[in-house]
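Lettering follows sequence order; numbering is per chain, from 1.
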There are 2 protein chains.
Amino acid sequence: MVTSIREIAALAKVSVTTVSRVLRNNGYVSESVRKRVLEVVESQNYHINLNARGLRSNSTNIIGIIGQNPYVTPYYGAVAKGILQACNERDYEVITFLVGSPEEELRAVKLAIERRLDGILFSTVRNLQSLELLHQYNIPIVLIERFFDVNYVGKAGVENSAGAFMATEHLIGLGHERIAILSGDLDPGNPTKHVDADRFSGYCQALAKHGLPLDEAIVALQDYGVSNGFKAVDGFIKRGERFTAVFATSDTLALGAYNALAFNGYKVPEDCSIISFENVLPDYFMLPLTVVDQHVIELGHAGADLLIEHIASKKPFSGKEELLAMDLIQGKTVERPGRGVNARKPRR
Amino acid sequence: MVTSIREIAALAKVSVTTVSRVLRNNGYVSESVRKRVLEVVESQNYHINLNARGLRSNSTNIIGIIGQNPYVTPYYGAVAKGILQACNERDYEVITFLVGSPEEELRAVKLAIERRLDGILFSTVRNLQSLELLHQYNIPIVLIERFFDVNYVGKAGVENSAGAFMATEHLIGLGHERIAILSGDLDPGNPTKHVDADRFSGYCQALAKHGLPLDEAIVALQDYGVSNGFKAVDGFIKRGERFTAVFATSDTLALGAYNALAFNGYKVPEDCSIISFENVLPDYFMLPLTVVDQHVIELGHAGADLLIEHIASKKPFSGKEELLAMDLIQGKTVERPGRGVNARKPRR
DNA sequence: TTGTAAGCGTTATCAG
DNA sequence: CTGATAACGCTTACAA
């Protein structure tokens, strides 16, 4: 089996340099020679060794994704899909690092350096140290929906505040005044704190604009996930809170909210409306979901494009930040206010 | 910045060979020298170049996943998680190829060869050609829940027939006699045909063993996914079919079935039981799901372990097949037969 | 226990 | 337009 361009060169009666030029589509090669070389390549079923190329040319055409949760939640699955599609189109491969702790994160970063990856996408970062180590090695970084205050990284995200405002105002516009919110927690330790703060802030702004009070009794800021959505809304109901709509900042929270309402005998949207905020679980609901679409796959595209663009340009990031706008998708889980939860018979 | 063992060697006043030995923990090195070398490595913040190592030693410690759907469905997300965990423990990295067509599959295979990947895991294969090309290059292959009839690949899967038998018999044991099934289609073109045939066969065997007839009117063999589950069960209901339980061979189908029952005013499990077959969406249901657990993450582990083991051994596969057994998890979506669907007022 | 030197397969440089 | 040759950073005989 032919495994090197030297053998190809011998068979085509040219130099290795010429073969290399043909294979890279780079430099001057006469049409006749190029054809001869390609014929030999084809007939010998030759496949170039990209590791050798990378060693010599100092670029691997591989990027890394480092994240806490890639692929286990539908959100990260959709982000990953977008990244893979974009990289595929631009002849980059993707190595995935699944990290669950700051130590594992640092180990992934070191591996990325050892593999001489051309760039890194973070879907979760815990340590500033990780970013600085990569920066020291001149490896471009893009953060996806994560906001560390450093100027040497690129950022791709969505307009969380505007999106949350839109969702809330949509409900208010239909007449809702008691709108529960389920969203991420705002603890300093939460790595997605900025994102979650923006979402909550959009909600608060919409309430304020329309003169509605913020009632903390129907605010649940905590981890994402279906069961957390269930527990939060089930808790509201059991505690006798009244509300006519739920704004969930993820589809998983929305599904949990839906289940809790159904479990307690409430109908969506007749008794209570639900508006969600991702659109990664389009068909998981009994009714078409009313949702503010975050365009998560496009977010993956944007992150990968930003990174690859920058790898090509070899210039430092100027704090560039790509923010995607969201769209409201009208489903059937939002209606004008109905009876509401605990309207007639508060349980305590 | 120090980027080669030559510089490390100079600083530690030893030869490059010695540095290499220290870095690989291989060969004889005196304790004092080893310590000196490691100190220099540490103080210079040196990171080895794994591409150079791979070029020389002819092994990259990278494997590839090739699949149609990695990460977009919860099932593949769980498989991928298992693979990544197993590889992580054994110092392998993973490159993911998302392929949607036979042409893309072949392109991914060629890239895998060009990158000199140490092995390939397939979660979908369409072309025998893909396998043969890899085999020609001596790249070990493991198929996950996919069964091509070639002897040079390893296989990891689950006991589909036994699992489906278990699920069906569980329902029969509680007194169910009209059990609808939702499962994958058996068209020759379906790449998961073997898996789906095994599942359906387990169902049929259980019915036969207990003298129950197979009624094709409550059999829906088609693509997976929530909306397909919904449509199938909604169709049964609208057509007036009677049944007291649904066996869904994926959690997404089960969720769709659940939604269809609820949409039509039936309660689970009072009116109709549901048993599912994956356990990758544990908390997505209103009630704890009764499900035959496929241990999908372990399946990922098993596939990766099998592959890596084989890469290390350098021996050809002897058609080795790893089959995981399943377990029944008792939730709250299965009960003794209740009223049943269309029991009193068949719609036609 | 340590070192010398060749070579993995490619690309970059320079010369023709 | 084409080619000879020296790297890239590492491992692997082989020698000492």
Polar atom pairs between nucleotides 13-16 of chain D and protein, under 3.5 Å, N or O only, would you list them?
none

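Between B/R116 atom CZ and C/dG9 atom P the separation is 8 Å, expressed in whole Å. Atom CD1 in A/I5 sits roughly 14 Å away from atom C1' in D/dT2 (whole-Å rounding). The distance from atom CE of B/M1 to atom C1' of D/dG9 is 14 Å, rounded to the nearest whole Å. For the pair B/R115 CZ and C/dG9 P, the computed distance is 17 Å after rounding to whole Å.
Between A/R126 and the options A/Q68, A/E105, A/E104, a side-chain hydrogen bond (donor to acceptor under 3.5 Å, both in side chains) holds for only A/Q68. Among the candidates A/L134, A/I144, A/I65, the single residue satisfying the side-chain contact (heavy atoms from CB on, under 4.5 Å) test with A/F122 is A/L134.
The shortest distance between side-chain heavy atoms of A/T124 and A/Y76 falls below 4.5 Å.
Legend: residues meeting ring pair (Phe, Tyr, Trp, His ring centres under 6.0 Å) with B/Y137, ordered by chain and number and at least two apart, are A/H47. Looking at residues two or more places apart in sequence or on another chain, you find a side chain to side chain donor-acceptor pair (under 3.5 Å) between A/S15 and A/T18. For B/S20, the side chain to side chain donor-acceptor pair (under 3.5 Å) criterion is met by B/R24, not counting sequence neighbours.
For the residue pair A/R107 / B/N88, a side-chain donor-acceptor distance below 3.5 Å is found, with atom types taken as modelled.
OP1 or OP2 of D/dC8 has at least one side-chain nitrogen or oxygen of B/R6 nearer than 4.0 Å. Neither OP1 nor OP2 of D/dG9 sits under 4.0 Å from any side-chain N or O of B/S4. Side-chain N/O atoms of A/S20 include one lying less than 4.0 angstrom from OP1 or OP2 on C/dT11.
With salt bridges taken as basic N to acidic carboxylate O contacts below 4.0 Å, one links B/E93 and A/R115.
Note that CG of B/L50 and CG of A/L117 are 9.5 Å apart. Values are rounded to the nearest 0.5 Å. Atom CD1 of residue A/I83 and atom NZ of residue A/K81 lie 13.5 Å apart, to the nearest 0.5 angstrom.
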Step-by-step side chain to side chain donor-acceptor pair (under 3.5 Å) determination, B/N25 to B/R34: CA-CA 9 Å; B/N25 268 319; B/R34 130 178 261 95; 2.4 Å; yes

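Contacts between residues 45-62 of chain B and DNA chain C, defined by a heavy-atom separation below 4.0 Å, involve B/L55, B/R56, listed by number. Near DNA chain C, meaning a heavy atom under 4.0 Å from it, residues 24-44 of chain A has A/R24 in order of number.
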